[in-house]
Amino acid sequence: MAVHRDEAWNTRHRSEGPLNRADRNFAELLQELRVVFTGVPILFGFLLTLSFSERFRSLDGFQHILFVATLGCAAISATLVVAPVAAHRVTFQRNRKRELVRLGHRMVIAGLAAFALTLCSGVLLVLDIAIGRVPALVGAGVLVLLTVVLWVGIPMRLRHPSQADARLPEPARNLSDARPRGLSRRSGREVAGRLGAET
């Protein structure tokens, strides 16, 4: 199987094989999910309780549609955010960590998109009830623009090669090649051997 360029870079600079990288990437994914998942169920629970309140009966047709759309987006977002964890349980000890990382990445991207829709439609609903439709549309529009800029625009700009930091220097191949001046090659190997024994 061909080795991807970024996997070769990780091997050189992090001394990290493909499976180690998959483990690290999945751990990072779970950390990010913790951040997202704190907001999704709170918002979902709030929407569920709203449907049983007295004020819910006074919503007009547009507000009812907006409420259903917001609730649907929240449910989809929660499902997608939890999906990588469920997939990990199903594929546990099946040697599918790299495939799981790729699938989890796609699920989280879709979950974030659904969460963004939930936030924007939820803000539109609440502002529409509180201050009127036109200010609500303006406020929700500002939130949509801010979300697109911060969640998509700036990260996509960072991906551009012109925004990259200077390339890291290639690591020394072994300790004997990077020995201090005045140290013989044999002494360098002895130091490298001692260091390896200590770690």
Side-chain angles (χ1 to χ4, degrees), residues 4 6-7 10 14 16 18-53 56 59 62-130 136-160 163-164:
H4 296 290
D6 55 346
E7 286 186 359
N10 272 280
R14 287 194 171 112
E16 182 181 62
L19 291 178
N20 302 111
R21 183 183 185 206
D23 289 337
R24 177 177 58 81
N25 287 342
F26 193 70
E28 290 173 353
L29 183 67
L30 291 179
Q31 284 293 105
E32 292 163 1
L33 286 177
R34 287 189 185 100
V35 174
V36 177
F37 198 68
T38 54
V40 173
I42 292 171
L43 187 54
F44 186 63
F46 167 75
L47 290 168
L48 288 176
T49 57
L50 179 64
S51 62
F52 296 105
S53 68
F56 184 76
L59 299 183
F62 173 76
Q63 291 168 342
H64 271 102
I65 292 171
L66 194 56
F67 172 80
V68 171
T70 305
L71 184 65
C73 287
I76 291 169
S77 177
T79 303
L80 287 167
V81 166
V82 174
V85 178
H88 184 247
R89 287 298 91 205
V90 173
T91 59
F92 184 62
Q93 293 186 341
R94 298 288 181 181
N95 194 23
R96 294 290 185 274
K97 184 61 72 69
R98 296 200 297 172
E99 295 86 347
L100 183 62
V101 168
R102 287 193 293 270
L103 177 65
H105 167 72
R106 294 186 187 109
M107 288 175 174
V108 171
I109 291 292
L112 285 172
F115 187 51
L117 289 174
T118 304
L119 289 176
C120 295
S121 58
V123 165
L124 179 59
L125 175 63
V126 172
L127 290 180
D128 189 37
I129 294 170
L137 289 170
V138 172
V142 169
L143 181 59
V144 168
L145 181 62
L146 193 63
T147 303
V148 169
V149 169
L150 293 177
W151 291 20
V152 181
I154 293 175
M156 290 300 290
R157 180 174 169 77
L158 283 177
R159 286 174 58 126
H160 195 273
Q163 299 298 313

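As the structure is a prediction and not an experimental result, all values here were calculated from the model.
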Worksheet item: Going by heavy atoms in the side chains, are Ile154 and Val149 under 4.5 Å from each other?
Response: yes
Discussion item. Could you check whether any side-chain N or O of His64 sits under 3.5 Å from a backbone N or O of Leu59, counting only pairs where one atom can act as donor and the other as acceptor?
Written reply: yes
For residues 109-127, tabulate all N or O donor-acceptor pairs below 3.5 Å that involve a side-chain atom, not counting sequence neighbours.
| from | atom 1 | to | atom 2 | distance (Å) |
| --- | --- | --- | --- | --- |
| Thr118 | OG1 | Cys73 | O | 3.3 |
| Thr118 | OG1 | Ala74 | N | 3.1 |
| Thr118 | OG1 | Ala114 | O | 2.8 |
| Ser121 | OG | Thr70 | OG1 | 2.9 |
| Ser121 | OG | Leu117 | O | 2.7 |
| Ser121 | OG | Thr118 | O | 3.3 |

Worksheet item: Just how far is it from atom CG of Leu66 to atom CG of Leu71, taken to the nearest 0.5 Å?
Response: 11.5 Å
Worksheet item: How long is the gap from CD1 on Ile76 to CG on Leu80, to the nearest 0.5 Å?
Response: 7.5 Å
Worksheet item: In this structure, which one of His105, Arg89, Met107 forms a side chain to side chain contact (heavy atoms under 4.5 Å, CB included) with Pro84?
Response: Met107
Side-chain atoms of residues 39-49: list all donor-acceptor pairs with protein atoms under 3.5 Å, sequence neighbours left out, distances to 0.1 Å.
| from | atom 1 | to | atom 2 | distance (Å) |
| --- | --- | --- | --- | --- |
| Thr49 | OG1 | Gly45 | O | 3.3 |
| Thr49 | OG1 | Phe46 | O | 2.8 |

